[in-house]
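Here's the structure, in structure tokens; my notes come after.
Convention: sequence-line order gives letters A, B, ...; per-chain numbering from 1. Please read these numbers as outputs of a predicted model, since none were measured by experiment. Side chains are part of it too, since the values below use all heavy atoms of this structure and drop only hydrogens, waters and symmetry mates.
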Amino acid sequence: MDAAQAVEWAQARAEALVGALAGRDRAVLEVDGREVRLTHLGRSLFPAGETKLDLLRYLLSVAPVLLSHLADRPLTLVRSPDGTPSTAFFQKNPPPGAPTWLATAAVEGGRQLLARTSADLALFAQWAAVELHVPPARLRQGDLVPDQLVVDLDPMPPAAWPEVRRAARGVRRLMEAAGVRSFPKLSGATGLHVYVPVVAGPADPPTARVAAGLGRLLAAAAPDLYTVVRAVARRRGVYVDAGQNGRGRTLAAPYSVRLGDAPRVSTPLDWDEVDEAHPDAHTIHTVPERLVRRGDLFAAALGPPQPLAALAELAAPWLDRR
DNA sequence: GCATTCC
DNA sequence: GGAATGCAACGCTTT
DNA sequence: AAAGCG
């Protein structure tokens with residue numbers, strides 16, 4: 001079964017499960033053989049009135065692909081019970097009272113949340129965990145091993161989406177020059193993330209250093225477009241944030257909803273779409289249907305991995321510069 | 001959203 | 001009993 | 001040394 005079929009099935013199941021909840025504010029949902037207690041289903045989480053029930057419907061609809069991108073990655077939830085970004089809080093450890101069936105992983109001394117099933121996602125909806133963040137690294141035998149290099153493009157006002165598009169084209173060319181496949185997605189806020197599935201050889205520098213080198217390379221070639229300067233006041237154009245590849249860093253997962261003035265989704269794109277796409281066009285209302293039509297454009301961002309050396313070589317002259 | 005702690 | 005509080009975390013940079 | 005940043 002391919003991604004489109006899986007989502008079609010999941011969407012039908014979501015409609016059936018959520019349909020049975022219509023008009024109710026509390027309920028017990030049975031999914032994947034688990035019982036999830038739901039409350040405040042009518043609570044609005046976005047200005048246009050999308051509710052916790054809408055978030056639940058979305059998460060269940062995209063569950064097969066969303067879960068594939070969360071697998072083996074310790075989760076950071078961004079919870080906002082009233083939908084307001086300013087009152088949101090992070091949660092990475094299981095809260096007291098969490099159901100015993102919710103999986104956790106031992107990560108660097110603590111226990112962190114994992115998502116494995118649709119029941120897990122339903123629980124996160126109940127928790128008003130609007131954003132699901134994961135590291136570009138996977139758990140393997142208790143260790144967190146980087147499996148993706150991410151170039152995070154963030155426009156600094158007055159730069160905006162048009163500048164991000166131009167910046168993305170440059171990143172695409174750079175990745176083509178390195179001979180690696182790369183995959184763009186909307187951050188769901190104002191920026192864009194480019195993912196490269198990689199595997200590091202023993203002699204390779206860490207992905208964070210390679211990403212920082214690529215950022216400096218881009219900024220040297222087009223200083224009006226790219227900036228790698230940390231100090232916010234001195235940034236111009238599009239900020240290339242290599243820090244997202246560092247230890248313990250996370251990004252909004254593919255297909256994660258984002259908090260804000262609309263339920264935008266961090267949506268994978270085709271490279272050829274980047275010039276036409278706009279973040280506002282991809283929300284919980286549009287992404288499930290898009291998945292059925294296009295499949296999961298990020299499936300190959302999970303692998304097969306490509307040698308990090310291909311990028312390390314390009315970045316080499318810039319690795320230890322500033 | 002909810003368990004815990006504080007007054 | 002009702003209100004307040006915590007719920008991540010850390011290296012790197014700038015000041 | 002402390003504060004800012006993501």
Side-chain angles (χ1 to χ4, degrees), chain A residues 25-29 36-45 51-53 55-56 73-100 102 104-114 120-137 144 146 150-157 187-193 205-213 215-216 219 227-236 238-253 258-259 266 319-322:
Chain A
D25 205 54
R26 21 183 353 124
V28 174
L29 181 73
V36 183
R37 257 130 197 114
L38 303 171
T39 62
H40 306 111
L41 287 170
R43 172 97 98 234
S44 170
L45 295 178
T51 62
K52 262 175 71 172
L53 188 66
L55 175 63
L56 174 66
R73 303 181 196 270
L75 273 170
T76 299
L77 307 179
V78 182
R79 299 178 54 189
S80 183
D82 68 0
T84 314
S86 62
T87 61
F89 56 93
F90 294 87
Q91 184 139 36
K92 50 194 341 181
N93 309 121
T100 54
L102 183 65
T104 62
V107 181
E108 283 146 23
R111 295 211 76 82
Q112 257 183 274
L113 301 166
L114 295 174
D120 301 343
L121 299 178
L123 180 66
F124 299 156
Q126 166 58 17
W127 286 352
V130 175
E131 301 195 3
L132 309 176
H133 293 206
V134 290
L144 207 45
V150 184
V151 177
D152 177 2
L153 301 175
D154 224 353
M156 307 308 296
S187 76
T190 57
L192 184 124
H193 301 150
T207 54
R209 265 185 75 212
V210 176
R216 286 183 210 113
T227 181
V228 294
V229 176
R230 290 274 170 159
V232 171
R234 302 192 43 233
R235 287 184 199 155
R236 298 288 184 280
V238 176
Y239 178 52
V240 184
D241 182 9
Q244 300 290 14
N245 294 280
R247 248 212 230 326
R249 308 304 303 280
T250 62
L251 300 97
R258 303 305 301 272
L259 284 166
S266 187
L319 282 186
D320 290 308
R321 305 256 297 264
R322 39 170 66 209

Would a 4.5 Å heavy-atom cut-off, applied to side chains only, mark A:Pro146 and A:Asn245 as touching? no

With a 4.5 Å cut-off on side-chain heavy atoms, are A:Thr51 and A:Leu41 touching? no

Between A:Arg249 and A:Val229, just flag the one whose closest nucleotide in DNA chain C comes earlier from the 5' side. A:Arg249

If you assign each of A:Gly248 and A:Ala231 to its closest nucleotide in DNA chain C, which residue comes earlier from the 5' end? A:Gly248

Remember a base hit wins even if backbone is also touched, and classify [X] as base, sugar-phosphate or nothing at under 4.0 Å, heavy atoms.
X        : answer
A:Pro81  : base
A:Arg79  : base
A:Asn93  : sugar-phosphate
A:Arg43  : sugar-phosphate
A:Arg234 : nothing

Going by centres under 5.5 angstrom and planes under 30 degrees, do the aromatic ring of A:Phe90 and the base ring of C:dA9 stack?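 The base of C:dA9 is not stacked with A:Phe90 (the test needs centres under 5.5 Å and planes under 30°).
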
From the set [options], return the single nucleotide nearest to any side-chain atom of [X].
X        : options              : answer
A:Lys92  : D:dG6, C:dT14, C:dA8 : C:dA8
A:Tyr239 : B:dC2, D:dG6, C:dT14 : D:dG6
A:Arg230 : B:dA3, B:dC2, C:dG11 : C:dG11

I need the [atom1]-[atom2] distance between [X] and [N], as an integer number of Å.
X        : N      : atom1 : atom2 : value
A:Phe89  : B:dT4  : CZ    : P     : 15 Å
A:Leu113 : C:dA9  : CG    : P     : 12 Å
A:Gln126 : B:dC2  : CD    : C1'   : 10 Å
A:Glu131 : C:dA8  : CD    : C1'   : 14 Å
A:Asp82  : B:dG1  : CG    : C1'   : 11 Å
A:Asn245 : C:dC12 : CG    : P     : 13 Å
A:Leu251 : C:dA8  : CG    : C1'   : 15 Å
A:His193 : D:dG6  : NE2   : P     : 13 Å

Within the side chain of A:Thr227, is there an N or O that forms a donor-acceptor pair under 3.5 Å with the backbone of A:Val229? yes

Determine whether A:Gln126 and A:Thr39 satisfy the following criterion, side chain to side chain donor-acceptor pair (under 3.5 Å), listing intermediate values before the conclusion. CA-CA 7 Å; A:Gln126 166 58 17; A:Thr39 62; 2.8 Å; yes

Quick one: is A:Gln91 getting a side-chain N or O under 4.0 Å of the B:dC2 phosphate, OP1 or OP2? no

Is any side-chain nitrogen or oxygen of A:Arg235 closer than 4.0 Å to OP1 or OP2 of D:dG6?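 Yes, A:Arg235 has a side-chain N/O under 4.0 Å of OP1/OP2 on D:dG6.
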
Inter-nucleotide [atom1] distance ([N], [M]), Å rounded:
N      : M     : atom1 : answer
C:dC10 : B:dG1 : C1'   : 28 Å
B:dT5  : C:dA8 : P     : 15 Å
D:dG6  : C:dC7 : P     : 22 Å

Cationic N near anionic O, under 4.0 Å, A:Arg209 to A:Asp320: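 A salt bridge is present here (some side-chain N lies under 4.0 Å from a carboxylate O).
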
Audit row: A:Val150, A:Leu251, side-chain contact (heavy atoms from CB on, under 4.5 Å) steps and yes/no: CA-CA 9 Å; A:Val150 184; A:Leu251 300 97; 3.7 Å; yes

